Amino acid sequence: MPNGTRPSRRKISVQRFKQTLLAWRLIGTIAYRAWPLGAFLVPFAVLMQQVLGSVVVAFASSQVVVALQNSDLWQLTLWLGLIALAMVVSGASIVIVEKLQDIMEQRCVQAVNQLLMQALIEQPSIEHLEVKSYTDKLKFIRNEAYLPSNLFLNLAALIGVFATLAISFVLLANVHWVLACCILLASPIGLVRAKALSKEYALIWNAIPDERLAESYLQLAVQPNNAKEILMFQNHNAILERYQALRHMVMRSRSKGKLQHLLPSFLLGLTQGLILCLGLVFLIYAVLQHEVSIAQAVLGITLLRGTLNSSVIFLDKIGRLIEQGVLADNFLQMLSYRSPLRNQARDALPTRLREGIHFQNVSFAYPGSERMALEKLNFTLPAGRVIALVGENGSGKTSLLKLIARLYDPNQGEIRIDSAKLTEVDLEAWRANISLVQQDFAQYHFRLRESVGLGDLKALADDQRIHQALSDVGAESLIEKLPHGLDSQLGREFQGGSELSLGQWQRVALARARMKNEPLILILDEPMASLDPFAERAILNQFRRLSKKTIEKGGIVLLVSHRLELMDIVDLVVVLEDGRLKEIGSHAALAQSDGLYAELMQIRAQNKAAL
């Protein structure tokens with residue numbers, strides 16, 4: 001291997017080591033903050049368990065032999081009492097450590113989930129949630145949310161074992177140097193076990209995609225809407241078979257990981273037995289040769305057995321700490337992830353749009369995809385207009401809205417708000433001036449007041465505004481129908497909760513959008529697909545009337561709908577096809593042209609006549 005490659009590899013190793021130390025520090029900090037008292041109690045209890053259970057009992061046992069040889073009843077009683085006390089404390093420590101670890105684990109899981117949630121929702125974009133490598137790590141970390149408590153316990157055990165080894169090594173060397181050397185013979189097997197642990201974690205990691213897919217099949221049976229389809233199509237056996245096949249593959253990987261320890265454990269047990277036998281034979285020989293006393297022989301054989309276990313445990317704990325450092329590194333990457341979307345805030349957001357939103361040679365592809373979702377868009381969404389985005393599924397309508405809301409930045413080109421670059425407008429101020437109702441709207445299983453009031457948290461206690469928002473979208477009857485009015489719990493899975501129809505959920509989402517006063521941009525992305533055309537037209541007319549102030553200050557209402565018969569209420573129609581601008585103009589002009597929009601109108605008319 002060329003010498004020139006060695007420094008770079010050494011540098012990479014140093015960087016990885018520093019990264020692992022940083023990850024350990026993070027995980028330790030999480031554990032400490034989750035339960036400061038437990039951070040001290042757990043190591044102390046582990047230390048008591050290790051030292052009292054082996055070293056103190058072994059040394060006291062040797063002194064019992066001395067007391068018996070000297071017929072010293074007082075010394076015999078003293079040392080037997082100390083053995084009993086040490087065993088009681090050591091036994092109690094096992095139970096105490098278990099219970100303390102349970103509490104620490106629960107608190108750490110809560111702390112990890114809270115940090116994950118904070119890291120997820122504070123990202124300015126949604127790009128990370130659509131990247132497979134990120135979601136795999138997210139699933140892995142959620143499965144290993146107890147990691148901080150385990151890392152802390154292993155570290156505490158490592159300190160306890162190290163203290164036990166140090167004391168035992170000195171005592172064994174005092175008996176005979178040969179016994180001290182015997183401890184070192186078991187070390188290579190411990191390293192083999194550490195290697196097996198590395199393979200186990202690799203197999204667990206590789207099984208994550210199958211585990212995520214299996215979980216999605218499980219959700220089909222858990223969610224009521226999915227369960228209804230499964231029953232009606234009678235495909236429950238196929239769903240169950242696929243779930244079982246995926247879980248079988250996951251469990252096979254996990255079992256294979258556990259089996260990695262089988263051979264090292266067998267070799268370890270064999271090595272320990274041989275060393276113990278050799279140590280026993282040597283001690284018998286040493287006693288016969290009067291090199292050691294019987295009391296020393298008892299101390300030696302007792303310590304040798306415990307120290308052999310401790311030496312392997314010591315190496316095993318180091319291996320686990322290294323592997324858990326790798327896991328902690330994944331967690332650190334999750335928490336340190338920063339979206340490429342930046343809030344530069346060089347230009348002030350205009351209080352009134354004068355020109356509109358300009359797309360200048362804009363192209364966009366989702367992360368990890370080579371297919372362009374939008375390509376070379378050049379047009380303007382004029383200020384003070386109600387504008388419809390039209391196109392078949394996959395034409396790029398929702399992707400365009402994501403760019404406007406700046407959930408993503410374009411790969412090429414730029415978007416301007418009047419003359420200001422969107423990337424240089426304050427992001428929080430821009431989103432504060434956007435109200436959104438999306439096709440896959442959220443169903444918040446909160447109280448009705450909260451589900452609507454999330455559109456403006458400052459107005460959660462403002463009953464009048466919430467009433468008005470519900471009234472604006474024709475949902476005021478919900479307040480009367482639900483048992484506790486605005487304070488009614490939504491969602492049947494909660495005690496006393498009320499389930500809404502899909503149309504009612506849609507109206508709640510529309511009311512939530514109405515909570516924002518006079519936004520510059522109002523986005524309606526298939527917001528009323530669950531409503532009949534008459535109700536949709538009525539609500540759109542209502543939105544247009546209520547958005548009068550928004551339009552007067554140059555605001556824009558963007559509508560995405562497949563119901564072309566509603567397009568006569570908009571000012572401008574933008575037609576997209578395969579991510580490109582196909583047509584732009586008024587409904588009347590495009591309907592009379594010989595283009596895609598007219599063709600879609602004709603197809604819709606034919607389908608309606610056929611019904």
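Numbers here are sequence positions counted from 1. For clarity, every value in this text was computed on a predicted model and none was experimentally measured.
Looking at heavy atoms from C-beta onward, Ile415 lies in side-chain contact with Val362 at the 4.5 angstrom threshold. Annotation: side chain of Leu349 is not in contact with side chain of Asp426 (no heavy-atom distance under 4.5 Å). Using a 4.5 Å cut-off on side-chain heavy atoms (C-beta onward), Pro519 and Ile434 make no contact. Taking 4.5 Å as the limit, some side-chain heavy atom of Met601 sits within range of a side-chain heavy atom of His587. Residues Arg371 and Ser369 are in side-chain contact: their nearest non-hydrogen atoms beyond the backbone lie under 4.5 Å apart. For the pair Thr398 and Val560, the minimum side-chain heavy-atom distance is 4.5 Å or more.
Ile556 and Gly356 make their closest contact through CD1-CA, 4.4 Å (heavy atoms, listed as atom of the first residue, atom of the second, distance). Considering all non-hydrogen atoms of both residues, Gly554 and Ala383 come closest at O-CB, 3.3 Å. Minimum heavy-atom separation, Arg431 to Ala405: NE-O, 3.3 Å. The two atoms that bring Ala459 and Ile466 nearest to each other are O-CD1, 3.8 Å, heavy atoms only. The two atoms that bring Ala598 and Ala591 nearest to each other are CB-O, 3.7 Å, heavy atoms only. When all heavy atoms of Leu374 and Gly396 are compared, the closest pair comes out as CD2-O, 3.4 Å.
Contacts of Glu414 classified as salt bridge (charged side-chain N to carboxylate O under 4.0 Å, His left out), with partners at least two apart in sequence or in another chain: Arg416, Lys421. Evaluation of the ring-ring contact (aromatic ring centres under 6.0 Å, His included) rule for Trp430 yields no partner, not counting sequence neighbours. Residues that satisfy the ring-ring contact (aromatic ring centres under 6.0 Å, His included) test with Phe446, not counting sequence neighbours, are Tyr444. Applying the side-chain hydrogen bond (donor to acceptor under 3.5 Å, both in side chains) rule to Glu392 yields no partners; only residues at least two apart in sequence or on another chain are considered. Listed by chain and number, the residues in a ring-ring contact (aromatic ring centres under 6.0 Å, His included) with Phe359 are Phe379 (sequence neighbours excluded). Not a single side-chain hydrogen bond (donor to acceptor under 3.5 Å, both in side chains) links Ser488 to another residue, sequence neighbours left out. Listed by chain and residue number, Glu493 satisfy the side-chain hydrogen bond (donor to acceptor under 3.5 Å, both in side chains) test with His445 (two or more places apart in sequence, or in another chain). For Ser501, the side-chain hydrogen bond (donor to acceptor under 3.5 Å, both in side chains) partners at least two apart in sequence or on another chain are Gln504. Checked against salt bridge (charged side-chain N to carboxylate O under 4.0 Å, His left out), Glu583 has no partners two or more places apart in sequence or in another chain.
When atom types are taken as modelled, the side chain of Asp462 and the backbone of Gln464 share a donor-acceptor pair closer than 3.5 angstrom. Between the side chain of Asn411 and the main chain of Ala365, a donor-acceptor pair closer than 3.5 Å is present. Side-chain atoms of Ser593 come within 3.5 Å of backbone N or O of Leu590 as a donor-acceptor pair.
Looking at Leu522, Leu400, Ile404 one by one, the single match for side-chain contact (heavy atoms from CB on, under 4.5 Å) with Leu558 turns out to be Ile404.
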Original post:
Yes or no on side-chain contact (heavy atoms from CB on, under 4.5 Å) for Glu499 and Trp505, after CA distance, side-chain angles and deciding distance?
Top reply: CA-CA 9 Å; Glu499 189 57 59; Trp505 277 117; 3.2 Å; yes
**OP:** Run the numbers on Leu470 and Arg512 for side-chain contact (heavy atoms from CB on, under 4.5 Å), then give the verdict.
**Re:** CA-CA 8 Å; Leu470 288 166; Arg512 189 161 53 245; over 6 Å; no
Original post:
Passes side-chain contact (heavy atoms from CB on, under 4.5 Å), Val390 versus Leu600? Steps please.
Top reply: CA-CA 10 Å; Val390 176; Leu600 292 174; 4.2 Å; yes
Subject >> Val575 and Ile584: CA distance, side-chain angles, deciding distance, side-chain contact (heavy atoms from CB on, under 4.5 Å) verdict >> reply: CA-CA 6 Å; Val575 184; Ile584 186 168; over 6 Å; no
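With respect to the salt-bridge test (charged N to carboxylate O, under 4.0 angstrom), the residues Asp472 and Arg514 qualify. Contact check on Arg447 versus Asp487 returns a salt bridge, with a Lys/Arg side-chain nitrogen under 4.0 Å from an Asp/Glu carboxylate oxygen. The existence of a salt bridge linking Asp456 and Arg465 is confirmed by a sub-4.0 Å separation between a basic side-chain nitrogen and an acidic carboxylate oxygen. Comment: Glu577 engages Lys582 in a salt bridge, judged by a side-chain N to carboxylate O separation of less than 4.0 angstrom.
Ser586 and Asp571 share no side-chain donor-acceptor pair at under 3.5 Å.
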Quiz: residues 108-116 side-chain donor-acceptor pairs under 3.5 angstrom, not counting sequence neighbours:
residue, atom, partner, partner atom, Å
Asn113, ND2, Val109, O, 3.2

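Atom CZ of Arg354 sits about 10.5 Å away from atom OG of Ser419, to the nearest 0.5 Å. Between atom CG of residue Asn433 and atom CD1 of residue Ile521 there is a gap of 8.5 Å, rounded to the nearest 0.5 Å. The OG atom of Ser399 sits 9.5 Å away from atom CG of Leu576, with the distance rounded to the nearest 0.5 Å. Here the CG-CD1 distance, from Leu353 to Ile551, works out to 12.0 Å after rounding to the nearest 0.5 Å. Atoms CG and CD1, on Leu381 and Ile387 in that order, are 4.5 Å from each other to the nearest 0.5 Å. Summarising the geometry, atom CG belonging to Leu486 is positioned 10.0 Å from atom CG belonging to Leu478; distances are rounded to the nearest 0.5 Å.
A salt bridge (charged side-chain N to carboxylate O under 4.0 Å, His left out) check over residues 396-408, counting only residues at least two apart or in different chains, returns the pairs Glu130-Lys402, Arg406-Asp409. Sorted by first and then second residue, the side-chain hydrogen bond (donor to acceptor under 3.5 Å, both in side chains) pairs with a member in residues 374-385 read His358-Thr380, Glu375-Arg580; sequence neighbours excluded.
Heavy-atom contacts from other residues, nucleotides or ligands closer than 6.0 Å to CZ of Arg242 number 12 or fewer.
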